[in-house]
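To start, the structure under review is shown below, and the notes come after it.
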Number of protein chains: 2
Amino acid sequence: MGVTERKERHKEDLKKDILTAAKELFTQKGYESTSIRAIAEKIEYSPATIYLYYKDKNEIVHALHQDGFRLLVSHFEVLNTVSNPFERLKAMGRAYIHFAMQNPDIYQLLFVMKEPLEHVANCFEDWHEGDRAFDILLKTVSECQGIGYFKGLDATMLSFSIWSTMHGMCTLRITGHLGHVAIARANQLDLDHLIGAAYETYVATLENLTT
Amino acid sequence: MGVTERKERHKEDLKKDILTAAKELFTQKGYESTSIRAIAEKIEYSPATIYLYYKDKNEIVHALHQDGFRLLVSHFEVLNTVSNPFERLKAMGRAYIHFAMQNPDIYQLLFVMKEPLEHVANCFEDWHEGDRAFDILLKTVSECQGIGYFKGLDATMLSFSIWSTMHGMCTLRITGHLGHVAIARANQLDLDHLIGAAYETYVATLENLTT
DNA sequence: GAATTTTACTAAACAGTGTTTAGTAAAATT
DNA sequence: AATTTTACTAAACACTGTTTAGTAAAATTC
């Protein structure tokens, strides 16, 4: 029955179309300001149709959540070519910041919004994607310890600490809080340069932990 | 005319009452889930009355914003009794985390939500409270450099970096992202203890920057 | 081929939101 | 006593996420 297959494919297409439209609107206008009605209008269907493909708005953001994480992890995985673990760690940090600066709304979807995580918890799934990203960091930190870095520090705790620093920088930048205190205090007009400079300072502190 | 004064006082009282009700509801149910109607009901006035005292919902959160910052800065200022700047810096970090853990919704109001900051920008005010808190950090970092810590690092950049780490830890904890990766990975059942342990690890990295 | 069931979709409603408008009693002023 | 000001609100407006009931068209069954 080729017909049912074609219809099945069409249904899958529509589900993707909803997601594409949602992603575009979310990144344009943010999560809260994007209505189901707006998504429906963009794909030229009625709002009720959305609910035939996704249980609710949270299920849509969860789907985008998974996509976003795949994108981030893919950014990390190309760094496997960097053989020196500390160089790889530094590159990971830069990649993380770059990802957050290029996709601020997706970043917030992944690491700031509570709703997608709650959806995960409600479905009794585990947070594969987030775990995977953290594992990559943890593994890299451990490998750094293997070549003499971070002596005497707990790898998991240090990984939390590093992640926190990266996350803090990115969110303070994205929400505009960094901008407010940076004005007049740092002679960096471009905030993205400022983030870079702050990151280099942080790397310098990590660099001193070889002894 | 004592009468107009009494009325004036009554008006000020009502304005405070709105704020108190709003704060209670915000911290109970969060910003998004607290409606003007709910605030109105709590103070037993009609929703329209709120708009006679505050321009819009953002002006209410901005007022709470200022209150919250005063509370945080007051937590910092008692630390002036600690004479050693590095000890004071460590105590500041603990105070910051403690504040965030005890008042997660206020913390988000101060450092996560964009709306209050946008309100500040729209009114052409500057962000006194936030600036003040950052200045206290910056001053402490500089004093640490005065006794041999953080040699060769830019004080402002290092302050950004430290703030980012603290902010990252607090927000990852509050939003639940830390909890999701921490399960099974760290043998810490209590997440608040985990935060403490991660903080101590971070302090240990700072401690090694004396050389 | 006709009758039935399933599919894919939607119009309209429900209950909620922030906010504005028009209007009303009571108090203050003239 | 008449007028103006004050403090307040009922009701509406334009939204929101979501659900319900219903409808054409396609697929299936007889």
Side-chain angles (χ1 to χ4, degrees), chain A residues 1-19 21-23 25-26 28-65 109 113-116 118-119 122, chain B residues 1-19 21-23 25-26 28-65 109 113-116 118-119 122:
Chain A
M1 293 263 155
V3 180
T4 57
E5 271 177 35
R6 192 201 64 218
K7 290 195 113 192
E8 205 57 46
R9 234 182 308 124
H10 187 70
K11 276 187 69 170
E12 281 304 310
D13 279 356
L14 187 46
K15 201 167 180 180
K16 265 264 148 58
D17 286 350
I18 293 170
L19 217 61
K23 185 174 190 170
L25 289 170
F26 282 156
Q28 261 173 37
K29 304 151 78 81
Y31 170 73
E32 300 287 355
S33 304
T34 300
S35 65
I36 298 285
R37 282 173 177 83
I39 299 171
E41 200 170 333
K42 203 175 178 75
I43 58 166
E44 295 179 297
Y45 280 83
S46 89
T49 303
I50 308 274
Y51 289 89
L52 299 174
Y53 294 85
Y54 293 95
K55 191 181 136 281
D56 54 20
K57 204 178 174 184
N58 280 344
E59 200 166 292
I60 300 177
V61 317
H62 178 65
L64 291 176
H65 201 261
L109 215 70
M113 282 176 52
K114 290 179 175 179
E115 290 87 348
E118 282 164 4
H119 182 91
N122 289 338
Chain B
M1 291 262 156
V3 180
T4 57
E5 271 175 36
R6 193 200 64 222
K7 290 196 113 191
E8 205 57 45
R9 235 182 308 125
H10 186 69
K11 275 187 69 172
E12 281 303 310
D13 279 355
L14 188 46
K15 201 166 181 182
K16 265 264 147 55
D17 286 350
I18 293 171
L19 217 60
K23 185 174 191 170
L25 289 170
F26 282 155
Q28 259 172 39
K29 305 152 77 82
Y31 171 73
E32 301 288 355
S33 303
T34 299
S35 66
I36 297 284
R37 282 172 177 83
I39 299 171
E41 200 169 334
K42 202 175 178 78
I43 59 166
E44 295 179 298
Y45 281 82
S46 88
T49 303
I50 308 275
Y51 289 89
L52 300 174
Y53 293 86
Y54 293 94
K55 191 181 135 283
D56 53 23
K57 204 178 174 184
N58 279 343
E59 199 166 294
I60 300 178
V61 317
H62 178 65
L64 292 176
H65 200 260
L109 215 69
M113 283 176 51
K114 291 178 175 178
E115 289 87 348
E118 282 164 5
H119 182 91
N122 290 338

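Hydrogens, waters and symmetry mates are skipped; everything else that's a heavy atom, side chains included, is used. Per chain, numbering begins at 1; letters A, B, ... match sequence-line order.
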For the pair made of CD in B:E32 and C1' in C:dT17, what is the distance, rounded to whole Å? 11 Å
Just compare D:dT19, C:dT19, D:dT9 and give me whichever is closest to any side-chain atom of B:L52. D:dT9
At under 4.0 Å, does any side-chain N or O of B:T49 touch on OP1 or OP2 of D:dT9? yes
Could you check which nucleotide pairs with C:dT30 in any of the strands shown, counting Watson-Crick or G-U wobble with both distances under 3.5 Å? D:dA1
Separation of C:dC9 P from A:E41 CD (nearest whole Å): 18 Å
If only side-chain N and O atoms of A:S46 are considered, is one of them under 4.0 Å from the OP1 or OP2 phosphate oxygen of C:dC9? no
Please report, rounded to the nearest Å, how far the C1' atom of C:dC9 is from the NZ atom of A:K15. 17 Å
Rounding to a whole Å, what distance do you find between A:I18:CD1 and C:dC9:C1'? 12 Å
Are more than 12 heavy atoms from other residues, nucleotides or ligands located less than 6.0 Å from atom CD of A:Q28? yes
Tell me whether the OP1 or OP2 atom of C:dT17 has a side-chain N or O from B:S35 closer than 4.0 Å. yes
Among A:D56, A:I18, A:L14, the one residue meeting side chain to side chain contact (heavy atoms under 4.5 Å, CB included) with A:I50: A:I18
With no angle test and no hydrogens, is the base of C:dG18 tied to the side chain of B:R37 by a donor-acceptor pair under 3.5 Å? yes
Counting any heavy atom closer than 4.0 Å, what does B:T34 reach on the DNA or RNA strands: base, sugar-phosphate only, or nothing? sugar-phosphate
Check every strand shown and say whether B:L14 touches a base, only sugar-phosphate, or nothing at a heavy-atom separation below 4.0 Å. sugar-phosphate
Of the nucleotides C:dA13, C:dG18, D:dC8, which one has an atom closest to the side chain of B:Y45? D:dC8
When the nearest nucleotide of DNA chain D is assigned to A:A48 and to B:E44 on a heavy-atom basis, which residue is associated with the more 5' position? B:E44
In whole angstroms, how far is the C1' atom of C:dC9 from the CD1 atom of A:I39? 18 Å
Tell me whether the OP1 or OP2 atom of C:dC9 has a side-chain N or O from A:Y53 closer than 4.0 Å. yes
Applying the Watson-Crick and G-U wobble criteria at under 3.5 Å, what pairs with D:dA10? Answer none if nothing qualifies. C:dT21
To the nearest Å, how far apart are A:K55 NZ and D:dT19 C1'? 13 Å
Could you check how far CD1 of B:I36 sits from P of C:dT20, rounded to whole Å? 11 Å
Does A:Y54 use its side chain to pair, donor to acceptor, with the backbone of A:K15 at less than 3.5 Å? yes
Applying side-chain contact (heavy atoms from CB on, under 4.5 Å) to A:D17 and A:Y45, what does each step give before you reach the verdict? CA-CA 11 Å; A:D17 286 350; A:Y45 280 83; over 6 Å; no
B:I50 has an atom CD1; how far is it from atom P of C:dG18, in whole Å? 10 Å
NZ (A:K23) and NZ (A:K16) are apart, to the nearest 0.5 Å, by 10.5 Å
